[in-house]
Student: 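One structure, as structure tokens, below. Some questions next.
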There are 2 protein chains.
Amino acid sequence: MSPSEMGEVPASHGSSGPLGSSGASASLGAAGCSASAGSAASAGAGHHVARATMKDVAALSGVSLKTVSRVVNREAGVSPEVRERVERAVARLDYSHNVHASNLRRSSGRTGTVGALLQDISNSFSASLLRSLEDVARDQRTAVLASSLDEEPEREIALVRGLVARRVDGLVLMPATARQEYLLPELRAGLPTVFVDRLPRGVDADSVTVDNLAGSRHAVRHLVSHGHRRIVALGDLRTIQTAELRLQGYREEMQAAGLGDEILERADLRTPEAAEAAVRQLFRTGTGPRPTAIFAGRNDLAVGAVRALRALGLVHRVALVGFDDFPLADLLDPGLTVMRQNVGQIGSEVGRLLFARIDGDAAPPRRVVIEPTLIPRGSGEIPPHE
Amino acid sequence: MSPSEMGEVPASHGSSGPLGSSGASASLGAAGCSASAGSAASAGAGHHVARATMKDVAALSGVSLKTVSRVVNREAGVSPEVRERVERAVARLDYSHNVHASNLRRSSGRTGTVGALLQDISNSFSASLLRSLEDVARDQRTAVLASSLDEEPEREIALVRGLVARRVDGLVLMPATARQEYLLPELRAGLPTVFVDRLPRGVDADSVTVDNLAGSRHAVRHLVSHGHRRIVALGDLRTIQTAELRLQGYREEMQAAGLGDEILERADLRTPEAAEAAVRQLFRTGTGPRPTAIFAGRNDLAVGAVRALRALGLVHRVALVGFDDFPLADLLDPGLTVMRQNVGQIGSEVGRLLFARIDGDAAPPRRVVIEPTLIPRGSGEIPPHE
DNA sequence: ACCTGACATGACAACGTTGTCACACGACAG
DNA sequence: CTGTCGTGTGACAACGTTGTCATGTCAGGT
């Protein structure tokens, strides 16, 4: 990681005497002394002094605008004395480069910013994804604008518009919309875009997803192999692609195991509380044969299931496998068996794809699919109890 | 939440016939038809068509640049026919407003972006904080640039420089540096800045922090009140303000309880693994009288402690109180007793302060201190065992 | 002395937008 | 018919920067 950002200049000097002998007529009032090491210096909470521009630096150091530009951008072909003079003025005026003006004029047109629209930045999946994307971006000297969509399609559309208006260099999208035709003009205009966790619909673009179908079949097969027949599936909103796929995997595997008659789904569960309520209702005593195992299609649905089983005293009697790993799942009692998606891998794959596109890769869209792995921790290995 | 972003225009129309009768000479090649609802349309992965500008829209609709600007900004004083004509051209050309050029020229100088430099976006504390900040920001039609500092001072300085160069409207900082004099020029220039979780040093600025001293004293008092005397404290890097304060609170409370001789600290623990190792070493059998309780100064140190106690079979024999709540702490066995910081409240308080400053509030810096609350869940209420 | 080339520097236009001001037009009062 | 006003529209400069090209200076070769 390279610590210096673009277009900046060394720190203050010991002697801050008058600048070079050139007769530049600079009427700037900004003081030049640096703060002493004493108690907290006040920020002078009053009128805001306008920021110094290259013009100010040029006037103070007695050179032309263009020369200041050269110094600030570390271009070659400036004599050491002039460079020194300009850098002094930069430090004295606290000049800070204006990247927006710079990018406007520059030919490359890069803004050094990418946007990431995720489901909810505060949940561990989105947060970890964002973090590994950030790490890739930092290496490319790029900042990340992050927002949560909360499964609201209109918000997605409004935010994409905002990001395009900001001329981001690229876009990472975990879509909340069912179809993304609205993105066509941007894709046509060459906006590098990578879908994550959910495939694009109605448009063609790069994507990094998990094999939800195979993963959920694997999870269900695991339960079946431990002797379970009455397995209930908990799922999120069916309109969410991944949620529906995981339920589909559950059904397919049940069919394949000859358990088609036992299929029992509770879908459209939005919150841990909803999952908890559903499980409580399912395992209420006296309602005939109860399920002996649960497949939870999302991490916080698994958490809700654990809460319910805990309350019912069934944590060690009902098997449970979740989709999505999360911190501390191993510390529960019993440890929670999950299908883990390697979030770090997903995030860095997204970053690699995105920056390859930004760097001009024009190959046809790629679909990266990552296989989730089963992490047995105890809860998924409980044998059936009637 | 208002769904529409600034400066945009209605969607496409049914009939896309030729534009108004004006004889504008527009030589733009962008096709106008919208995608059909069939299978995924390709993004035409080839040469990138340059984005249409207001000039293009003006040419196509046969009006002046300024009139397009008026329409796009929804200014009054444009005849309905002209407005309609311009909007048609905007839709036809997929025109997207360039906020950078706009802000450059505009007097207000706002960029509609704030920066948030936090410890680590993937940890639950930073992530939740970011999320609640984002919610406030969205109401203000502002985007958030987020980065992780990982306690690296140079990264903080480089990223702040980058954010200033981007002319963010405000800055939220969980500093990794020991002192922040480097921020003085920005503060003097009126950059709204709110420190979070840690107080500013060497500069004066708004802050939202938790009362770490009182909180850790509370935690230790809780253990003492349950009969513990040999209480060990686990702490993060002493150079981190909050870590040192929590250790200090531990020492103060131990002194106050007449347990000065029992003070036992393990500081500078950076990771859960380090905490786990420290606890394992402390509770190794045969090393004389062992502590009967643990105070963990940060959430993942508590997690490490739980791992160690679990491995040693001591989870129900050694008391444990953590600082910082986290998801699932209630589902452990026993539930983890913690001092909870209300992260949502911290985040929205930070947002309120920040946007008040952005809106021109010039009052002296405010220091908001939030009291953490004790959440007893079992682990902190275990009586001493020899 | 003259020409050549390398080097340092600056003048100017341009990026895409908006603030300011001026103009053209029709309506209306005198 | 003239003068005044209100309304819609456009010309132009400006925001802060960089790409292009021209100019000035000086060293070295003939």
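Below, chain A is the first sequence line, B the second, and so on; all start at residue 1.
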Student: Check side chain to side chain donor-acceptor pair (under 3.5 Å) between B/R110 and all other residues, then give those that pass, not counting sequence neighbours.
Tutor: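 Per chain and number, B/R110 pairs via side chain to side chain donor-acceptor pair (under 3.5 Å) with B/D359.
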Student: With respect to the phosphate group of C/dT18, does any side-chain polar atom (N or O) of B/H97 fall under 4.0 Å of OP1 or OP2?
Tutor: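 It does, given that an N or O in the side chain of B/H97 lies less than 4.0 Å from OP1 or OP2 of C/dT18.
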Student: Please enumerate all protein N or O atoms sitting under 3.5 Å from an N or O of nucleotides 26-28 of chain D, with distances to 0.1 Å.
Tutor:
none

Student: Any non-hydrogen side-chain atom of A/L163 less than 4.5 Å from a side-chain atom of A/E186?
Tutor: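 Contact flag for A/L163/A/E186 side chains = no.
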Student: As a test of understanding, state which of B/L118, B/I121, B/T177, B/L117 forms a side chain to side chain contact (heavy atoms under 4.5 Å, CB included) with B/L149.
Tutor: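 Result: among B/L118, B/I121, B/T177, B/L117, B/L117 is the only option passing the side chain to side chain contact (heavy atoms under 4.5 Å, CB included) with B/L149.
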Student: Starting at atom CG of B/D56, determine the distance to atom P of C/dT17, rounded to an integer number of angstrom.
Tutor: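 Distance, rounded to whole Å: 9 Å.
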Student: Would you mind telling me which residue lines up with the more 5' stretch of DNA chain D, A/T53 or B/E81, judged by nearest nucleotide?
Tutor: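 Nearer the 5' end of the strand: B/E81.
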Student: Taking the minimum atom-to-atom distance to the side chain of A/S64, which one of C/dA11, D/dT9, D/dG10 wins?
Tutor: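 Looking only at heavy atoms from C-beta outward on A/S64, the closest nucleotide is C/dA11.
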Student: In whole angstrom, what separates A/R110's CZ from D/dT17's C1'?
Tutor: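 Spelled out: CZ on A/R110 to C1' on D/dT17 is 19 Å.
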Student: D/dT17 P sits how many Å from B/N103 CG, rounded?
Tutor: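 Rounded to the whole Å, the gap is 15 Å.
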Student: Starting at CZ of B/R74 and ending at P of C/dT18, how long is that distance when rounded to a whole Å?
Tutor: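 About 13 Å, once rounded to whole Å.
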Student: Figure out the CZ/C1' separation between B/R83 and D/dG8, and round it to whole Å.
Tutor: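 Nearest whole value for this atom pair: 12 Å.
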Student: Given atom NE2 of A/H100 and atom P of D/dT17, what is their separation to the nearest angstrom?
Tutor: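 Rounded to the whole Å, the gap is 12 Å.
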Student: Find the bend of the helix from C/dA1-D/dT30 to C/dG30-D/dC1 as the angle between its two terminal axes (five pairs each), to the nearest 10°.
Tutor: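 It comes to 60° between the two terminal axes.
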Student: Can you confirm whether B/F195 sits close enough to B/L353 that some side-chain heavy atom of one is under 4.5 Å from a side-chain heavy atom of the other?
Tutor: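 In short, these two side chains do not touch, never coming nearer than 4.5 Å.
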Student: Taking the side chain of A/A101 as its heavy atoms from C-beta onward, which of D/dT9, D/dG16, C/dT9 lies nearest to it?
Tutor: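 Nearest to the side-chain atoms of A/A101, counting from C-beta on, is D/dG16.
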Student: In chain order, what residues pass the side chain to side chain donor-acceptor pair (under 3.5 Å) check against B/R167, with sequence neighbours excluded?
Tutor: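 Side chain to side chain donor-acceptor pair (under 3.5 Å) list for B/R167, sorted by chain: A/S96.
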Student: Please confirm whether the shortest side-chain N or O distance from B/T67 to OP1 or OP2 of D/dG10 is below 4.0 Å.
Tutor: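 Looking at the OP1 and OP2 atoms of D/dG10, one of them is under 4.0 Å from a side-chain N or O of B/T67.
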Student: Under 4.0 Å between a Lys/Arg side-chain N and an Asp/Glu carboxylate O for A/E81 and A/R85?
Tutor: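 Judged by the 4.0 Å cut-off on N to carboxylate O distance, A/E81 and A/R85 do not form a salt bridge.
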Student: Show each protein N/O and nucleotides 19-25 of chain D N/O combination with a separation under 3.5 Å, one pair to a line.
Tutor:
| unit_1 | atom_1 | unit_2 | atom_2 | d |
| --- | --- | --- | --- | --- |
| D/dG19 | N7 | A/K66 | NZ | 2.8 |

Student: Counting distance only, does the side-chain N/O of A/E134 pair as donor-acceptor with the main-chain N or O of B/S148 below 3.5 Å?
Tutor: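 Checking the backbone N and O of B/S148 against the side chain of A/E134, a donor-acceptor pair under 3.5 Å is found.
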Student: Picking from C/dA8, D/dT9, C/dG16, which would you name as closest to the side chain of B/V82?
Tutor: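 Output: D/dT9.
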Student: Between B/S102 and C/dT18, is there a contact of a side-chain N or O with OP1 or OP2 at under 4.0 Å?
Tutor: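 True: B/S102 side-chain N/O within range (under 4.0 Å) of C/dT18 OP1/OP2.
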Student: Please state how far atom CZ in B/R51 lies from atom C1' in C/dC15, giving the value in whole angstrom units.
Tutor: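 Roughly 16 Å, once rounded to whole Å.
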Student: Hey, which of A/L65, A/L60, A/T67 is the one that makes side chain to side chain contact (heavy atoms under 4.5 Å, CB included) with A/V63?
Tutor: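 Between A/V63 and the candidates, side chain to side chain contact (heavy atoms under 4.5 Å, CB included) is satisfied uniquely by A/T67.
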Student: Could you tell me whether the side chain of B/S61 and the main chain of B/V57 form a donor-acceptor pair under 3.5 Å?
Tutor: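 Confirmed, B/S61 side chain pairs with B/V57 backbone.
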Student: Should B/V90 and B/V86 count as side-chain neighbours, where that means a heavy-atom distance under 4.5 Å?
Tutor: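 Answer yes - side chains close enough.
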Student: Please state whether the phosphate of D/dT18, meaning OP1 or OP2, lies under 4.0 angstrom from any side-chain nitrogen or oxygen of A/N73.
Tutor: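 Result: yes.
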Student: In whole angstrom, what separates B/R167's CZ from C/dT17's P?
Tutor: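 Interatomic distance, CZ of B/R167 to P of C/dT17: 20 Å.
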Student: Mind checking side chain to side chain donor-acceptor pair (under 3.5 Å) for B/T111 and listing every partner two or more places apart, or none if nothing turns up?
Tutor: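 Checked B/T111 against side chain to side chain donor-acceptor pair (under 3.5 Å); matches are B/D169.
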Student: Would you tell me if any nitrogen or oxygen in the side chain of A/S69 comes within less than 4.0 Å of OP1 or OP2 on D/dT17?
Tutor: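 For A/S69, the contact criterion (side-chain N or O under 4.0 Å from OP1 or OP2 of D/dT17) is not met.
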Student: Could you work out which one of D/dT9, C/dG10, D/dT17 sits closest to the side chain of A/N98?
Tutor: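 In terms of side-chain proximity for A/N98, the closest of D/dT9, C/dG10, D/dT17 is D/dT17.
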Student: Look at the side chain of B/N98 and the backbone N and O of B/H100, then say whether any donor-acceptor pair between them is shorter than 3.5 Å.
Tutor: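 Such a contact is found between B/N98 side chain and B/H100 backbone.
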Student: Between B/A76 and B/L104, which residue's closest nucleotide on DNA chain D lies nearer the 5′ terminus?
Tutor: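 Final value for this comparison: B/A76.
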Student: Please tell me if the side chains of B/V114 and B/I358 come closer than 4.5 Å, counting only heavy atoms from C-beta onward.
Tutor: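 Counting from C-beta outward, B/V114 and B/I358 do come under 4.5 Å.
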